[in-house]
Amino acid sequence: MSQNNQDDIAYYDYKKSYQLQPSESSAVLYASNLFLTGRTKDAIELLKKSIQQYPSNLEFIRRLSEAYAQAGQSKEALALYDDLLKKDSSNFDALHEKGMLYTQLSDTPHAIEALEKAYHFHPVLQNGIALANLYAETRNPKVLPLCEALEQRDSSREFVDPIFLKGVYYSNVKDYPKAIALFDECIGRDWKFIEPY
């Protein structure tokens with residue numbers, strides 16, 4: 001059911017499976033389903049219980065942090081991310097999510113710090129684009145080499161976000177000819193990408 005995006009129907013199976021045989025793996029699956037079906041309060045309760053039962057599984061702490069963030073409990077989420085990062089300072093998922101939470105809270109310096117660490121430990125597109133976006137918006141020239149590195153990984157030359165973010169940076173520093181050229185390049189690669197227009 002889950003593979004066919006019928007998460008609400010799958011909920012009953014995940015719940016029954018967890019009730020019949022509560023295990024670490026069934027708790028992970030059940031918690032994921034609770035998130036997908038909007039049962040955040042139930043997910044929080046299950047994750048708290050799972051942390052007590054399986055303290056060595058750091059994924060439960062990360063997911064509880066995520067649940068708190070979704071529920072608008074930012075202080076609790078940040079405290080858990082900090083606890084998790086004390087146990088595993090290279091947990092790039094936790095660093096990324098912590099950075100995104102700081103972004104939502106308009107705490108750009110802390111967001112950049114967390115996303116820089118996430119990108120350092122796991123230099124993937126998701127971490128790089130989130131960081132590049134903050135660099136571009138804060139007029140930080142670090143956006144340029146970061147976007148160049150992201151572009152080099154795009155062998156098919158289909159991904160336009162790094163080019164767009166360089167354009168945003170040049171627009172923010174009022175170098176409009178460079179910004180327009182980059183936005184035109186974005187449109188040339190993907191005419192359906194609305195933001196460059």
Taking side chain as C-beta onward, heavy atoms only, is [X] less than 4.5 Å from [Y]?
{"X": "Ile112", "Y": "Leu131", "value": "yes"}
{"X": "Pro177", "Y": "Asp175", "value": "yes"}
{"X": "Tyr135", "Y": "Glu116", "value": "yes"}
{"X": "Leu29", "Y": "Tyr18", "value": "no"}
{"X": "Tyr102", "Y": "Leu78", "value": "yes"}

Applying side chain to side chain contact (heavy atoms under 4.5 Å, CB included), run through Tyr11 and Leu34 and close with a yes or a no.
-> CA-CA 7 Å; Tyr11 161 75; Leu34 290 170; 3.6 Å; yes

Using modelled atom types only, decide if a donor and an acceptor are shared between the side chain of [X] and the backbone of [Y] within a distance under 3.5 Å.
{"X": "Thr37", "Y": "Asn33", "value": "yes"}
{"X": "Thr138", "Y": "Leu134", "value": "yes"}
{"X": "Arg189", "Y": "Val160", "value": "no"}

With respect to Glu148, which candidate in Lys142, Lys166, Arg153 satisfies the salt bridge (Lys or Arg N to Asp or Glu O under 4.0 Å) definition?
->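 The single option meeting the salt bridge (Lys or Arg N to Asp or Glu O under 4.0 Å) with Glu148 is Lys166.
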
Without hydrogens or angle criteria, can the side chains of [X] and [Y] be said to hold a donor-acceptor pair below 3.5 Å?
{"X": "Arg63", "Y": "Ser50", "value": "no"}
{"X": "Asn127", "Y": "His96", "value": "yes"}
{"X": "Gln19", "Y": "Tyr30", "value": "no"}

For the [atom1] atom of [X] and the [atom2] atom of [Y], what is their distance to the nearest 0.5 Å?
{"X": "Leu46", "Y": "Tyr14", "atom1": "CG", "atom2": "OH", "value": "13.0 Å"}
{"X": "Leu150", "Y": "Phe159", "atom1": "CG", "atom2": "CZ", "value": "7.5 Å"}
{"X": "Leu165", "Y": "Tyr170", "atom1": "CG", "atom2": "OH", "value": "13.0 Å"}
{"X": "Tyr169", "Y": "Leu146", "atom1": "OH", "atom2": "CG", "value": "13.0 Å"}
{"X": "Asp161", "Y": "Asn133", "atom1": "CG", "atom2": "CG", "value": "9.0 Å"}
{"X": "Gln126", "Y": "Leu115", "atom1": "CD", "atom2": "CG", "value": "9.5 Å"}

Do the side chains of [X] and [Y] join up, straight or via other hydrophobic residues, at under 4.5 Å, putting them in one cluster?
{"X": "Leu105", "Y": "Tyr81", "result": "yes"}
{"X": "Phe183", "Y": "Leu144", "result": "yes"}
{"X": "Ile180", "Y": "Val168", "result": "no"}
{"X": "Ile187", "Y": "Tyr176", "result": "no"}
{"X": "Val124", "Y": "Val143", "result": "no"}

Applying side chain to side chain contact (heavy atoms under 4.5 Å, CB included), run through Leu85 and Lys98 and close with a yes or a no.
-> CA-CA 10 Å; Leu85 291 166; Lys98 182 178 178 183; 4.0 Å; yes

Hey, what else clusters with Leu84 if you join Ile, Leu, Val, Met, Phe, Trp, Tyr whenever side-chain heavy atoms sit under 4.5 Å?
->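 Besides Leu84, the hydrophobic cluster comprises Val28, Phe35, Ile44, Leu47, Ile51, Tyr54, Leu58, Phe60, Ile61, Leu64, Tyr68, Leu80, listed by chain and residue number.
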
For [X] and [Y], which heavy atoms make the closest approach, and how far apart are they?
{"X": "Ala69", "Y": "Ala77", "result": "N-CB, 3.7 Å"}
{"X": "Ala179", "Y": "Gly167", "result": "CB-O, 3.4 Å"}
{"X": "Cys186", "Y": "Phe164", "result": "SG-N, 3.3 Å"}

Report the C-alpha distance between Lys41 and Glu45 in whole Å, list the side-chain angles of each, state the deciding distance to 0.1 Å, and finish with yes or no for salt bridge (charged side-chain N to carboxylate O under 4.0 Å, His left out).
-> CA-CA 6 Å; Lys41 286 183 182 179; Glu45 292 309 311; over 6 Å; no

For Ser74 and Leu101, what are the C-alpha separation, side-chain angles and deciding distance, and is it a side chain to side chain contact (heavy atoms under 4.5 Å, CB included)?
-> CA-CA 8 Å; Ser74 303; Leu101 180 56; 4.0 Å; yes

In sequence, state the C-alpha distance, the side-chain angles, and the governing distance for His122 and Leu95, and then conclude on side chain to side chain contact (heavy atoms under 4.5 Å, CB included).
-> CA-CA 10 Å; His122 196 58; Leu95 286 163; over 6 Å; no

Pairs in or reaching into residues 88-97: which pass salt bridge (Lys or Arg N to Asp or Glu O under 4.0 Å), with residues at least two apart or in two chains?
->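 Matches after skipping sequence neighbours: Arg62-Glu97.
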
CD1 (Ile194) with more than 12 external heavy atoms under 6.0 Å =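 No, the 6.0 Å shell around CD1 holds no more than 12 heavy atoms from other groups.
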
